[in-house]
Amino acid sequence: VQLQAYGGGSVQAGGSLRLSCAASGSIGGINTVGWHRQAPGNQRELVATISNRDSTDYADSVKGRFTISRNNAKDMVYLQMNDLKPEDTAVYYCGASEVVIPTRQSHYEFWGQGTLVTVSS
C-alpha cells in the first residue's frame with residue numbers, strides 16, 4: 001500500500017484547507033484511514049479517522065471544524081479543515097490500518113509522507 005498526502009499550505013487563522021490522501025497498491029485489506037498530525041516538539045496525534053463503512057471519528061480539538069471523507073472510486077481520502085487556528089499548525093500525515101478499530105499509532109501499518117500546514121494569527 002502506498003499513500004501520498006498533499007494539499008498543505010499556509011493560511012491565516014479562520015481560513016480553510018483541504019488535504020488529500022491518494023492510496024494505491026493492495027488496498028483491499030485496509031479497514032481504516034486516519035489523518036494524523038505532528039507539531040514541532042510534540043508527538044504525532046490522531047486527528048480524524050474514517051472506516052471502510054464510512055464511520056468517522058474526530059479528536060475533540062477539531063470536532064465541528066474538520067471533516068474527513070472518502071471517494072472510493074478514486075481511492076482518495078480527504079480532510080476538509082475549516083476555521084483553522086494557529087494551534088493546528090503541524091505536519092499532517094495520512095495513515096492506513098488493516099485493524100478494524102485502530103486505537104493506537106502502531107495499528108497504522110502504512111503511512112504517506114507528511115504535508116505541512118501552517119496557520120498564522
Side-chain angles (χ1 to χ4, degrees):
V1 176
Q2 293 80 45
L3 302 174
Q4 184 176 5
Y6 54 94
S10 297
V11 297
Q12 291 190 327
S16 299
L17 282 173
R18 188 175 84 154
L19 304 183
S20 299
C21 177
S24 61
S26 301
I27 63 173
I30 299 302
N31 281 291
T32 300
V33 175
W35 282 100
H36 310 248
R37 67 186 180 187
Q38 187 168 18
N42 291 355
Q43 290 187 335
R44 190 175 297 187
E45 63 175 356
L46 184 63
V47 175
T49 62
I50 186 165
S51 74
N52 58 5
R53 296 186 177 186
D54 289 335
S55 175
T56 59
D57 197 14
Y58 299 90
D60 288 343
S61 59
V62 306
K63 282 181 180 177
R65 300 188 298 122
F66 290 11
T67 302
I68 190 170
S69 62
R70 64 195 298 158
N71 183 325
N72 290 330
K74 297 182 178 180
D75 294 331
M76 297 288 294
V77 174
Y78 306 99
L79 185 68
Q80 178 66 43
M81 305 186 294
N82 298 329
D83 190 22
L84 282 161
K85 303 177 180 181
E87 51 264 42
D88 294 319
T89 295
V91 177
Y92 284 71
Y93 301 87
C94 60
S97 175
E98 295 178 333
V99 175
V100 174
I101 304 177
T103 57
R104 57 176 67 96
Q105 295 284 326
S106 62
H107 286 162
Y108 289 84
E109 300 93 340
F110 309 101
W111 291 94
Q113 87 292 354
T115 184
L116 177 63
V117 172
T118 303
V119 185
S120 58
S121 58

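For this chain, numbers begin at 1 and follow the sequence in order.
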* Spacing of S97 atom OG and I30 atom CD1 [to the nearest 0.5 Å] -> 7.0 Å

* **Pairwise distance CD1(I68) to CG(L79) - rounded to 0.5 angstrom** => 6.0 Å

* Asked: Would you say T89's side chain and V119's backbone share a donor-acceptor pair under 3.5 angstrom?
  -> yes

* Asked: Would a distance-only check, ignoring hydrogens and angles, find a side-chain to backbone donor-acceptor pair under 3.5 Å from Q113 to A5?
  -> yes

* **Pairs touching residues 43-55 that satisfy salt bridge (charged side-chain N to carboxylate O under 4.0 Å, His left out), sequence neighbours left out** => R37-E45

* Verify the cluster assignment for I27 and Y93: are they in a single hydrophobic cluster under the rule of side-chain heavy atoms below 4.5 Å apart? => no

* How long is the gap from CZ on R70 to OG1 on T56, to the nearest 0.5 Å? -> 11.0 Å

* To do: Could you list all the side chain to side chain donor-acceptor pair (under 3.5 Å) pairs where at least one residue sits in residues 10-20, not counting sequence neighbours?
  => S16-N82

* **Counterpart residues, side-chain hydrogen bond (donor to acceptor under 3.5 Å, both in side chains), relative to N42 (two or more places apart)** => none

* Share the residues that join M76 in a hydrophobic cluster, the rule being Ile, Leu, Val, Met, Phe, Trp or Tyr side chains under 4.5 Å apart at the heavy-atom level. => Y6, Y78

* **Joint cluster assignment, L46 & I50, ILVMFWY side-chain distance < 4.5 Å** => no

* To do: Give, for atom CG of L19 and atom CD of Q80, the distance between the pair rounded to the nearest 0.5 Å.
  => 9.0 Å

* Tell me the ring-ring contact (aromatic ring centres under 6.0 Å, His included) pairs involving residues 25-58, sequence neighbours left out? -> H36-Y108, H36-W111

* To do: Would you check if the side chain of E109 reaches a backbone N or O of E98 as a donor-acceptor pair within less than 3.5 Å?
  => yes

* Structure fact -> Tracing side-chain contacts under 4.5 Å among Ile, Leu, Val, Met, Phe, Trp and Tyr outward from V100 reaches I101

* **Gap separating the CG atom of N31 from the OG1 atom of T49, nearest 0.5 angstrom** => 12.0 Å

* **Salt-bridge present (K85, D88; N to O < 4.0 Å)** => no

